[in-house]
There are 2 protein chains.
Amino acid sequence: MSNRSQAIADMLTRAILDHRLVPGCKLGERELSEVFDVSRIVIRQALIRLADDGLAQIERNRGAFVARPSMQDAMEIYDALTLVEQGVAAQLSDRLGPAGWAELRQHVERQRQAVASGNDALADVLGQEFHTVFVRLSRNKVMQEIHAQLVRRTTLLRSLITADFDYCNLLDDHARVVELLEKGRLKPAMELIDAHHRSVVRGYIMDRQVFPELTPREALEPYLDGKSGEPPKPAPRKKAGENGAARAHAHVHAAK
Amino acid sequence: MSNRSQAIADMLTRAILDHRLVPGCKLGERELSEVFDVSRIVIRQALIRLADDGLAQIERNRGAFVARPSMQDAMEIYDALTLVEQGVAAQLSDRLGPAGWAELRQHVERQRQAVASGNDALADVLGQEFHTVFVRLSRNKVMQEIHAQLVRRTTLLRSLITADFDYCNLLDDHARVVELLEKGRLKPAMELIDAHHRSVVRGYIMDRQVFPELTPREALEPYLDGKSGEPPKPAPRKKAGENGAARAHAHVHAAK
DNA sequence: AACCACAGGATTGGATATCAATCAATGACA
DNA sequence: TGTCATTGATTGATATCCAATCCTGTGGTT
């Protein structure tokens, strides 16, 4: 029985990042209070947290909605992400010890094995984690939190775009960034990070509703039951073929 | 009659940034609800916003307190600030147009005039603003918000340290950064930004309670009355002589 | 005297009921 | 058909109440 509003904010965040709650979706206080079986006040506090995180937008006397970032927002978010990761790269190239480089190489290797063995889901998760591990090695919790927030917002963006690849799946880029940085070749590494993100934004075509709209009741059902841990559901795509999460790098290399 | 909790969060933020509410100060719900004449729930929501912003810390069943960042936190915040401003500098050196450079030069000039005419208070404000203007020229609202939050946290830090200079008052550094960047000399500019911030952190000596502790009731009194605008009160310093806000740059140049 | 245990007070976290203000949709009317 | 007013729904906010938890102070024990 701890912070209910934080727990609910976390669940809503997960649902948004899983593309189960799509941008523009109304987050009614009464409905959510029934879904989570708490009072409206707790919901309000959770929604304030989401809004502070950029994942929801609260309009006075109209209510809260899942944020619907504009194309401009998308570019700004990726610009900021690039700036942060480039800065972290510069710091790491100075300060990172052998153990850190080993962890990065090991992470890339684990993802390579996952790809080789056809475990696309695991590869996807590892690909996302790479960026987090990268920033974590800076040993700066403030930067970690800023970066994590930017990553959440990029994940939200992917609810709005058709390109069915994830920026975090570019295994080759990851490997090369680590290689370049370890050799002290900072500038090419930073340029690669920039290209890495730019290639994603270039692929953006914002057409509304890539994912099907679920009511909050339907969308949140998998999260609340027991407590946590078992059914992390991905969302089914609406159009444009495959699963979307898996098989990513191929497209990107073509896009370059 | 708009968002009361946001308005209250803003007032609390101002009070903290003015060093009227010092780190560790208890922010009791009942007391604040009486001060602002609102219900406890509105106060809770405001405190959640402050906590999300890193200015307050909420401990379960104990209440909210003005955040008391550690030395480690201080270094991380300045590291992050350096990273952000260096990144923005790199972007500006590529993309900023003549009008932008003119605005920066003009801002430095205005501050120079303020210093020359002995208007230390204005010079201080302009010195703080420089960094904000700098980041605003990146035309990236996401970066602006991240930067603003980091600046707020550095301002909070200054409640805890004895060095009575403000990092934002280094007029010479500002002028030189603009000059170097405009000439395309990115690397020296970035190193200067780094030195700029490092010189501040080096001067940090964290001894508790640089500013006198006021009760929230006393601290907030100047903010709530009419509406806004007239009495932005600085806080009186506890020890170490002068006002603290004024006459800054002299010390810093000595410190280098 | 020092130390531990327990009880009481105070504060937070949360629920519920209620009211006012505002937005949106509906329907009446020209 | 177009415009305006009414109505319904939702949010913003309040007051009151209750449970859980923490802090403190008291008192007993060693």
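Because only heavy atoms are used, hydrogens play no part in the values below, and waters and symmetry mates are left out as well, while side chains stay in. Within every chain, numbering begins at 1; the chains are lettered A, B, ... in the order of the sequence lines, protein sequences first and strands thereafter. Remember, it's a predicted structure, so these values are computed and weren't measured experimentally.
Here the nucleotide nearest the side chain of A:K26, chosen from D:dT21, C:dT16, D:dT10, is D:dT10.
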Name the pairs: protein N/O against N/O of nucleotides 23-25 of chain D, kept only if under 3.5 Å.
residue, atom, partner, partner atom, Å
D:dC23, OP1, B:R62, NE, 3.2

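Using a 4.0 Å cut-off between charged side-chain N and carboxylate O, A:D79 and B:K141 make no salt bridge. Using a cutoff of 4.0 Å between basic side-chain nitrogens and carboxylate oxygens, B:R153 and A:E145 are not scored as salt-bridged.
Here the closest non-hydrogen pair linking B:R152 and B:L55 is O-CD2, 4.1 Å.
At distances below 3.5 Å, not a single donor-acceptor pair connects side-chain atoms of A:D18 with backbone N or O atoms of A:R20.
The nearest heavy atom of DNA chain C to B:G63 and to A:V42 marks one nucleotide each, and the one closer to the 5' end goes with B:G63. Comparing A:I41 and A:N61, the nucleotide of DNA chain D nearest to each residue sits closer to the 5' end for A:N61.
At the heavy-atom level, A:I43 lies nowhere under 4.0 Å from the strands shown.
Taking atom CD of residue B:E31 and atom P of nucleotide C:dA10, one finds them 15 Å apart after rounding to whole Å. Whole-Å rounding puts the A:Q6 CD to C:dG14 P distance at 11 Å. Summarising the geometry, the separation between CZ on B:R60 and C1' on D:dA19 is reported as 11 Å, rounded to the nearest angstrom. When rounded to the nearest whole Å, the span between CG of A:D37 and C1' of C:dT16 equals 13 Å. Nucleotide C:dA15 holds its P atom 15 Å from the CZ atom of A:R30, rounded to whole Å. Atom P of nucleotide D:dA19 and atom CZ of A:R4 are separated by 16 Å, given to the nearest angstrom. Here the P atom of nucleotide C:dG13 and the CG atom of A:N3 are 7 Å apart, to the nearest Å. One can place CD of A:E29 at 14 Å from C1' of C:dT22, the figure rounded to the nearest angstrom.
Considering A:H131, A:E85, A:R136 in turn, A:E85 is the only one that fulfils the side-chain hydrogen bond (donor to acceptor under 3.5 Å, both in side chains) rule with A:H147.
The closest side-chain donor-acceptor pair between B:Q6 and B:D10 falls under 3.5 angstrom.
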What side-chain donor-acceptor pairs closer than 3.5 Å can you find for residues 40-48 of chain B, not counting sequence neighbours?
residue, atom, partner, partner atom, Å
B:R40, NE, B:E29, OE1, 3.1
B:R40, NH2, B:E29, OE1, 3.3
B:R44, NH1, B:E29, OE1, 3.3

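The base of D:dG12 sits with one of its N or O atoms less than 3.5 Å from a complementary donor or acceptor on the side chain of A:R40.
Between B:R44 and C:dG13, a side-chain N or O to OP1/OP2 separation shorter than 4.0 Å is present.
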